[in-house]
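What follows is one structure encoded as structure tokens, with my remarks underneath.
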2 protein chains.
Amino acid sequence: MTSDLTKETLDEVVNQRRRQQRSLDTRERILQAAFEEFAERGFEGASTRNVAAKAGVQHPLVTYHFKNKEGLWRAVVTTTSFNFGQHFQDHLAGMTEKDEVARLRLLQEQFVRFAAANPNFHWLMSHEGKRDSDRLTWLVEERVRNYFDVMAKLIRTAQKQGRYVEGDPYHLQYLFIGAVTRIFMLSAEVQQVMGRSPFSKKFVDEHVRTCCALFFREPAESARPARVAAPRKSRRLTK
Amino acid sequence: MTSDLTKETLDEVVNQRRRQQRSLDTRERILQAAFEEFAERGFEGASTRNVAAKAGVQHPLVTYHFKNKEGLWRAVVTTTSFNFGQHFQDHLAGMTEKDEVARLRLLQEQFVRFAAANPNFHWLMSHEGKRDSDRLTWLVEERVRNYFDVMAKLIRTAQKQGRYVEGDPYHLQYLFIGAVTRIFMLSAEVQQVMGRSPFSKKFVDEHVRTCCALFFREPAESARPARVAAPRKSRRLTK
DNA sequence: GTCTATAGCCGGATAGAC
DNA sequence: GTCTATCCGGCTATAGAC
């Protein structure tokens, strides 16, 4: 009897863990599918039924795991924003000793590389920026403002050293983000117009160089003509 | 009898003209409302019933005038693209004599001013660029490719004179468009982050200067440090 | 946790009266 | 040219069986 009871209890525990594991898998699959759906169609255009279909689950499971469409959207923004931050953590681990202009340069380079790898992230964010909404206010206060403040501070420091273009740092960061991301966000159009994919390694490396060259200025130790293809300190450039 | 007949005929003509006029008005109102709707939500997200409501007409009138949703979309793209081209015609009428770099500069400046005045136009175009579709192919072949070819040719000429940043002209034009338009397309977010409207005259003039300064280079007649706020030839700058 | 069933609304498109 | 009425399908969300 006791052995039976024990066996049953063990089975229960195993089953529960299996169920918990499956629940987590389902949650993750819904989240991934929702990311694509929201990025593609925006909050209002997105369909939770499409999300469920893409994730391969029944559609009531979406509301079970995330309460409603807005809860799902917030969960997507939270996790993808976390990934955005994590990308910089991963690629700037050993950077604490370098000077601030070098930090800024690496941040901007990694921003380009993240944008190339995650065009959907920028679509997700852009859809909300067009008109005012509670979602936008939440997005700005929770995820956007801090990023701009950090970048603006670094830009101001670089400007004081004459190493970055002049202008309002927030304004300039919008220009940078626009210049960097549009070519990845409109990749299908770019493919038709330019006949090449913007996601190839060669193109992304070129894009990093071109975007940084637009905004960074070499230290003005000696007078020289304003050139773009100026010599730059050695960096990891695989091509 | 003949006078009655004549009177009736005249009434008919007058009524017909009135009807034709009303029909044209309705068409225009639908077109304007559809422009906003497609720009805001993209083709799939847009609702022809919303369009009709915004235009203040009954919804079957949309299909009466434009056959279906896609016909409406094409009509919107055609007319707004015409307005885009017209804007340059209007602002470059007396420009046939100037050198090509000056032409390019004015084209880019007017591109900025058009983007500031018509953020919806760029949303309309951007929605289609994300993924392949028949609409995208039509858009590129009918409206986009020619613009890029014209700009690329001017950019190449300017580059040969050392007056424009180095790089693939098509690539650079995507950077320029991205840098210029994003701040207007995300105006609600910009308002929250920067605490100012990107549509004010002061900001737009600043934006023109900053964007052009990023891409144009002064003639390298004398060696001088790479500065952004370089002196420029006098231009119509009202502020 | 998962699923079926369903309520209640909005979508595009069309038929047919006037 | 205009409008009413209607078809059919997709949408979010929920109730309730298992």
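Residue numbering restarts at 1 for every chain, and letters A, B, ... go by the order of the sequence lines.
- The stretch residues 34-53 of chain B touches DNA chain C through B/A46, B/S47, B/T48, B/R49, each having a heavy atom within less than 4.0 Å of the strand.
- One atom, CG of B/D25, and another, P of D/dG1, lie 12 Å apart when rounded to the nearest Å.
- With the 3.5 Å cutoff on both pairing distances, Watson-Crick and G-U pairs in DNA chain C assemble into runs of at least 3 at C:1-10 with D:9-18, C:12-18 with D:1-7.
- Minimum atom distance to the side chain of B/Y64 is reached by D/dG1, of the listed D/dG1, D/dA13, D/dT14.
- As rounded to whole Å, 13 Å separates atom C1' of C/dC3 from atom CD1 of A/I30.
- Annotation: ring-ring contact (aromatic ring centres under 6.0 Å, His included) contacts of B/H171 (sequence neighbours excluded): A/F203, A/H207.
- A salt bridge links A/R113 to A/E109: at least one charged side-chain nitrogen sits closer than 4.0 Å to a carboxylate oxygen.
- Using cut-offs of 30° and 60° on the angle between ring planes, the pair A/F111 and A/F84 is perpendicular.
- Using cut-offs of 30° and 60° on the angle between ring planes, the pair A/F114 and A/H87 is perpendicular.
- For residues 141-153 of chain B, the side-chain hydrogen bond (donor to acceptor under 3.5 Å, both in side chains) pairs, not counting sequence neighbours, are B/E141-B/R145, B/Y147-B/Q173, B/D149-B/Y170.
- Ring-plane geometry between A/F43 and A/W73 is classed as perpendicular, the angle between the planes exceeding 60 degrees on a 0 to 90 degree scale with a lower cut at 30.
- Between D/dC3 and B/H59, no contact under 4.0 Å exists linking OP1 or OP2 to a side-chain N or O.
- Atom NZ in A/K69 sits about 12 Å away from atom C1' in D/dG10, given to the nearest Å.
- The stretch residues 52-64 of chain A participates, sequence neighbours left out, in these side-chain hydrogen bond (donor to acceptor under 3.5 Å, both in side chains) pairs: A/E37-A/K54.
- Straight-line distance from the CZ atom of A/R27 to the P atom of C/dT2: 13 Å, rounded to whole Å.
- Ranking C/dA5, D/dC3, C/dA13 by closeness to the A/P60 side chain, first place goes to C/dA5.
- No salt bridge links A/K130 with B/E189; every basic N to acidic carboxylate O contact stays at or beyond 4.0 Å.
- Applying the 4.0 Å criterion to OP1 and OP2 of D/dT2, one finds that B/T26 has a side-chain N or O inside that range.
- By the ring-ring contact (aromatic ring centres under 6.0 Å, His included) test, A/F66 is found to be paired with no residue, residues two or more places apart in sequence or in another chain being considered.
- Rounding to whole angstrom units, CD of residue B/Q58 and P of C/dA15 are separated by 19 Å.
- Nucleotide C/dG12 holds its P atom 17 Å from the NE2 atom of B/H65, rounded to whole Å.
- We find that CG of B/L61 is positioned 15 Å from P of C/dA13, with the value rounded to whole Å.
- Rounded to whole angstrom, the span from the CZ atom of B/F66 across to the C1' atom of D/dG1 amounts to 14 Å.
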